[in-house]
Structures are given as C-alpha cells and as structure tokens.
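To keep things clear, I will list the structure first and then write my remarks on it.
A, B, ... follow the sequence lines: proteins, then strands. Residue 1 opens every chain.
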Number of protein chains: 2
Amino acid sequence: MANVSPGTVDRVIHNRGKVSDKAMAKVSVILEEIQYKPNVFAQSLKKQTSLRMAALVPYHSSDGFWSKAYEGIQKAFVDFEHLGVSIEIEEFNNKDVNDFVKKARTILAENPNGLLITPVFLKESLEVLKEFENSEIPFVTFNTFIPELSSKSAIGQDLKQSGRLAASLIDQCRSDISNVLVIHLGENPGNAPHMMEKESGFREYFKESNPSIRIQSIEIPQTDQETINRILNKWSGDLRSVSGAYVTTAGAHHVAFTIKSRFEDSLVIGYDLIEENINGLKAGTIDFLINQNPFQSAYEGVSKLVDLLVFDKEVDKRMLMPLDIVNKENAAAYLNK
Amino acid sequence: MANVSPGTVDRVIHNRGKVSDKAMAKVSVILEEIQYKPNVFAQSLKKQTSLRMAALVPYHSSDGFWSKAYEGIQKAFVDFEHLGVSIEIEEFNNKDVNDFVKKARTILAENPNGLLITPVFLKESLEVLKEFENSEIPFVTFNTFIPELSSKSAIGQDLKQSGRLAASLIDQCRSDISNVLVIHLGENPGNAPHMMEKESGFREYFKESNPSIRIQSIEIPQTDQETINRILNKWSGDLRSVSGAYVTTAGAHHVAFTIKSRFEDSLVIGYDLIEENINGLKAGTIDFLINQNPFQSAYEGVSKLVDLLVFDKEVDKRMLMPLDIVNKENAAAYLNK
DNA sequence: AATAAAAATGTGTTCGAACACAATCGTATT
DNA sequence: AATACGATTGTGTTCGAACACATTTTTATT
C-alpha cells in the first residue's frame, strides 16, 4: 500500500531505524489507517516462544494454603502448556530467610523468561528481585504485596479491608457487643506485617462504628492445645461476654472449639478454606471464613505472565482479589475452584 | 524418523486414509513415542481462524444485571480479539418470547462458529437450540441452567443453594427468629423457575434448622412505591417481628427502605451488585447481597467457546459460579471485576 | 564526474501445519 | 511383457512475521 518492501514496513513496525523520514511517515499513516495488529500466531510461530517460567513459593506441604497455591500453578501449567510455556516450581521453607534467598538465586542462575514469586520476606525480596530486574527478568508477585517492588503485576487482597470485613460481620451478626478478640495464632505478628494490617482494619471498623467496644489482641505462638488453653485461661477470668473472635491466620480450627465453649455467644471468624476449617464450619465451631483464594491468585499470577510474555499484553500493576465471605452454605462452590 | 514424507505423516495424524498399514503403524508408534503435540500457532496461522461467535442476551439496557453481562462479553471480546475471534452480540427483549426466537433465528442464519446464550425461556430454548445443534454450531449457556440442553458448557449458580445461603445468613445474624419473608419482586414467580428454586432452598434450610419459623412469600409484581406500600400494608398488621426479608431478584433496593422501617430488626438480603443495591448496602437498608456474577459468567462463557473453538480443548459441561456474599465492606473488591 | 561510504530499501528463508497436486509403486489384465 | 489403474507416497506452496543478507540509492569527498 505504501509502495515499499515488507522489509521497510518491518523496520517501521519495530523501530529498527534505517528508514527515511518519508517512508516512515507513509508507512506509519497506513498502519494507523488500517489499524494494523500483528498476527500473534505468526509471531509466536516465528519467535519459537518456548518460554520457561519459574515460580518461587513456600513448600506445598507446609500447609493447606500453599498446597492450594501449588495446585493453582499446576492448573495454569496444564492450561498454558499448549502455548509452549513451561513452568518450573521451586519451593522454599517459609520460616527460613536464607532458603528463600538461596532458591531465588538458583532460579536466577537458570535465567527464566519470567518469575512468579511470593515475596514473604520484605528486605530479602527487595534485594533478590533487584537482581531479577537487572537481568531483565519480569516478575509477578502474589499473596504478599510490597509496594516498593517493580513487579509487572501484584496479585492479592487488601488486608486492611479484610480486617474491616471481619469486624463488620461480627457487627452484623451480634448485637450489644462489648468485647471482641483478635487472635494471632502460630506466628509472631511482629514478623508478619499482614497480621498487623488485618488487625488495624479490624480496629478501624469498630472505632468508627462503636468506639466503646473493647478489642483485645491475643498472641498464641504455638498451635498445640496446651499452649492454647494456657493462654486463653489467662484471659477467661477477665472476660465475661465475648461477641466475636477474629483469628488472623489459617489456624482458626485450632482454637475455634475452645473459644466457642468458653464464650458461648461468640462469632468465630478465620481464614482460608483448608479442610480443618471447613470441618469447623460444618461443626458450627467456625461461623465464617474469609477466603484468600490461593489457588486463584497463583493461577492469575501465571496467567499474567503468559499475557505479558506470550501475548505481549499490558497487565494491571495491581490486581485485588475479592474478599470472599464463606459460611457452611457456600463453601462448596469455592472449593472446586 | 519413520523415513516417510511429511505428507504421509500428515495423513496419519488426520486419519485421512490412503496410508499403508505399515506406514500407519510406523508413524503412529513414533508419534506416540515423541509425544507429538501439534503447534497451535502454526495450526492457527494456517487455518486462518477467523472465528465468528455470536451472543444472545437480553437488552443490556433492561437492567444493571444484563448490562454487567454485556460488559463481560465485551471484555472477553477485547481480550480474545488478537486470537482472531469476533463476537456479534444480539440482544432480545426478555419479556418477549417471540423476540427471543426471532433473534435466535437471525443468528442461525449467519451461521456463526459458536454461540453464547442465556436460555431464559425453557420451551423455546429447547426448540431453537435444537436447530443450532443440527447446524453443528456449538453453544454455551449461562445464567439459566436447563439440564436437557446439549450445551458444551453451562455456566451459572446453584440457585437452590443460593436460597439456602440467604436463609443461613438470617440464621447467623438474628436470634429468636419467628417470622421471615420471601419477596418476589417485579416478575411473576410462576414464569420464573429461578425464583422458585431459590425459595425452595430458603425453605429447606429453615425446615432443617428450625421448622417452627414462619416463612411467608410475598409477590409484588410492580416495582413502583405505591404498589409496594399497598401490598406490604396488607401484611404489616399481621406481622409483628420479622427477622429477615429475602428478595429473590435484583430489586431489593426498591423495598429495602420500606422493609427496614416497618420491621426494624429485619435483615434484608437481595441479589446483584447493581448501583442501587450498593447504595442500599452503604445506607444500611440492605445488609447482604448475593452476587450472581453476571460479568464473570458472561466472560467465562466466551472463554469456554474460545477454548473449544480456538484451542480445541475439553471444557467442563457444567461450571458452577461461586455464591458470593457481599456486604458493604467487601463490595468494592467485586465491583471492579 | 568519479568514487567511496553511508543510508535506505528490497529479497529470500524460516518457523510448523495443511492441503492440492505430482509422482511413484504395486497389482491385475491382456 | 506391456499397459492400465488404483493405492500409496512425495513435493511444493501458503499462512504472517522476523531477520539476515543483498542490492540500490543518496550523500560526501576528491
């Protein structure tokens, strides 16, 4: 159409230079006119995109949450395999900073085309992902959100809002609330910023709705029944009526029964659709779970990488996963996802 | 590898015949051995898949629900455009059976490669979709589920479970329940099986949990304030304490304020994240909404067709969308989806 | 004006699959 | 043994983009 050779058009499209201004203008105009869109099939065929992606996540055996995430990645692998994409999953011990860094370096050495990662350790993630950036390996994060990172996309939930949501459920389900509990179970909240964010949202809600409500934080570092009893005993005398208990981790099932028997009228809210928690829902010891969608998040993470690397599409910098409220009547529909 | 020409291999792969048993065996074994998978890019490039899909949905101007579905289809169109897929959306008046049939025939005449459809009218859908089947045009349904249809995939919710969910929320949020209401608003439940299914689930739940609770169904055919007041007046005298009102359509916002002022302690549950309902959540006149995910469902519908037609993938016959519980604290996360 | 160097443009091949068409092979018939 | 004809096998082109390499045009220098 512009009376130039395909080579010239090619140079215009890819800005490879060595094109006269005249030709450049002529071709550009026509490209715009005909709304030229490259044929992705031809592109991929030529480029022989055999994309190798890597994923760095905690051991899937560590708990139900990470095993769901693992499944999500594997599902994505199956779904995208036919696009010539391969995914190597590297796992690390999420209690061990050094292991995280070590595994990250292992991946870096293999120079993959893209990375999906859960940057659980703030400082080390910044360090390590800087190296990926230098190697021009794009990465997508999920689960933990670190604003300073230059990830192509960050997938996860608004944790503060998650705390607000828990508070609102207690507010909706109980009247005349005087005491509520926040229970940090199994981890040290000082090292886990996500717990603090959740608590802050939880407190914020009640501060707005009814500032006279007493909110008490209880830290239970271990999940064995003895420790749980010992620590809750310390509080029991002090508390008469507790309207709600908000467990900020996936360990609600460890404390639910104890809480329900000590504070009969309390609403118990926890996180994550792991088997033990589902059983709690069914038994009535847990009233609501908030679903963090590890499966979906992980799947989306891979999906974003595919969009980015295979289809060269723009992806959203931040993807907020919904905060699913789950009780015993709608749990099933979330489980097979 | 088999010492035969590409042509022969091609004939084996596509079972085009004209291949000696010997060559057939030799090639087949090797294909199996090397786990031959066709390159989808090369295939698509050659086949010049310019797939035309059609969608048949109610007018997007009819309400917020269908406008969301419309958006979902359009989003899918944008996302899959680069795969050479085009989607023509045909809309019909969902109060008019004849219009439905007419528009369906219009689509059939254009002989698209695939169809996404909401089979709102049972009998006519069976008829019309039989014709599509005869023309070997695969179709995917969403929103309404008709088991008799031979759709490649049916996307939607478990409506009975949806009713159970609404009941369970009232159960969790209110104690000493004596009266609850089911409100069918704006449509004749006799013609709308989905309303009946919802009610049946709702009743089932309370029958199990507390059979002494009185459940009353109220039909309000029009959504104007006068009709609403008139019909509710008839009931008001009869009812002292109402613990919950379950509106089975997207019209909760029409009655929420009236209900809340007449039955102070009642929990109002409705459907769908349309703007008016969101405002109800914020104002506190509506306590919970159950999200039917029109956007997501429609998007998934197109996505299934793409899997089917572009990538030749197997798709699930039935895809159950989750039953999202929405209150004012988690509405935002669902809105931008 | 001749020549060299730089700039611009054009050509041809490749990716893997699909398919039309051409070329062989094998067997039966005379 | 020559011929015919069906059965089988091989060849060459196409899809659209990417890129190496060849060719032509322009500009600068003497």
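Summarising the geometry, the separation between NZ on A:Lys18 and P on D:dC19 is reported as 14 Å, rounded to the nearest angstrom. If you take NZ of A:Lys46 and C1' of C:dC15, they are 6 Å apart, rounded to a whole angstrom. Atom P of nucleotide D:dT14 and atom CG of B:Leu45 are separated by 14 Å, given to the nearest angstrom. To the nearest angstrom, C1' of C:dA7 lies 12 Å from CG of A:Asp21. If you take CZ of A:Phe41 and P of C:dA18, they are 13 Å apart, rounded to a whole angstrom. A straight line from CG of B:Leu31 to C1' of C:dG16 spans 14 Å, rounded to a whole angstrom. Rounded to whole Å, atom P of C:dA7 lies 16 Å from atom CE of A:Met24.
Proximity of a side-chain donor or acceptor of A:Asn293 to a complementary backbone N or O of A:Gln296 within less than 3.5 Å is not detected. A distance-only check finds a donor-acceptor pair linking the side chain of B:Gln157 to the backbone of B:Pro322 [under 3.5 Å]. A side-chain donor-acceptor contact under 3.5 Å links A:Ser28 to the backbone of A:Met24. Under the 3.5 Å distance criterion, the side-chain polar atoms of B:Asn113 are matched with a main-chain donor or acceptor of B:Arg52.
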Self-check item: Verdict with reasoning, A:Arg16 to A:Asp10, per side chain to side chain contact (heavy atoms under 4.5 Å, CB included)
Solution: CA-CA 8 Å; A:Arg16 271 200 253 280; A:Asp10 183 66; 3.0 Å; yes
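Ranked by how close their nearest DNA chain D nucleotide is to the 5' end, B:Gly7 and A:Gly7 are led by B:Gly7. Along DNA chain C, the nucleotide nearest B:Tyr36 and the nucleotide nearest A:Asn3 are compared for position; the residue whose nucleotide lies closer to the 5' end is A:Asn3.
The stretch residues 9-16 of chain B touches DNA chain C through B:Asp10, B:His14, B:Arg16, each having a heavy atom under 4.0 angstrom from the strand.
Taking the side chain to side chain donor-acceptor pair (under 3.5 Å) definition, one finds that B:Ser135 meets it with nothing, sequence neighbours left out.
Distances shown here put a side-chain N or O of B:Gln43 below 4.0 Å from the OP1 or OP2 atom of C:dA18. For D:dC15, the OP1/OP2 oxygens have no side-chain nitrogen or oxygen of B:Ser44 closer than 4.0 Å.
Closest to the side chain of B:Asn39, from the set C:dT11, C:dG16, D:dG10, is C:dG16. Among the nucleotides C:dT9, D:dT11, C:dA17, the one closest to the side chain of B:Ser5 is D:dT11. Comparing C:dT9, D:dC15, D:dT8 against the side chain of B:Ser20 picks out D:dT8 as the nearest.
Only one option out of B:Tyr59, B:Phe100, B:Trp66 pairs with B:Phe92 in a ring pair (Phe, Tyr, Trp, His ring centres under 6.0 Å); it is B:Phe100.
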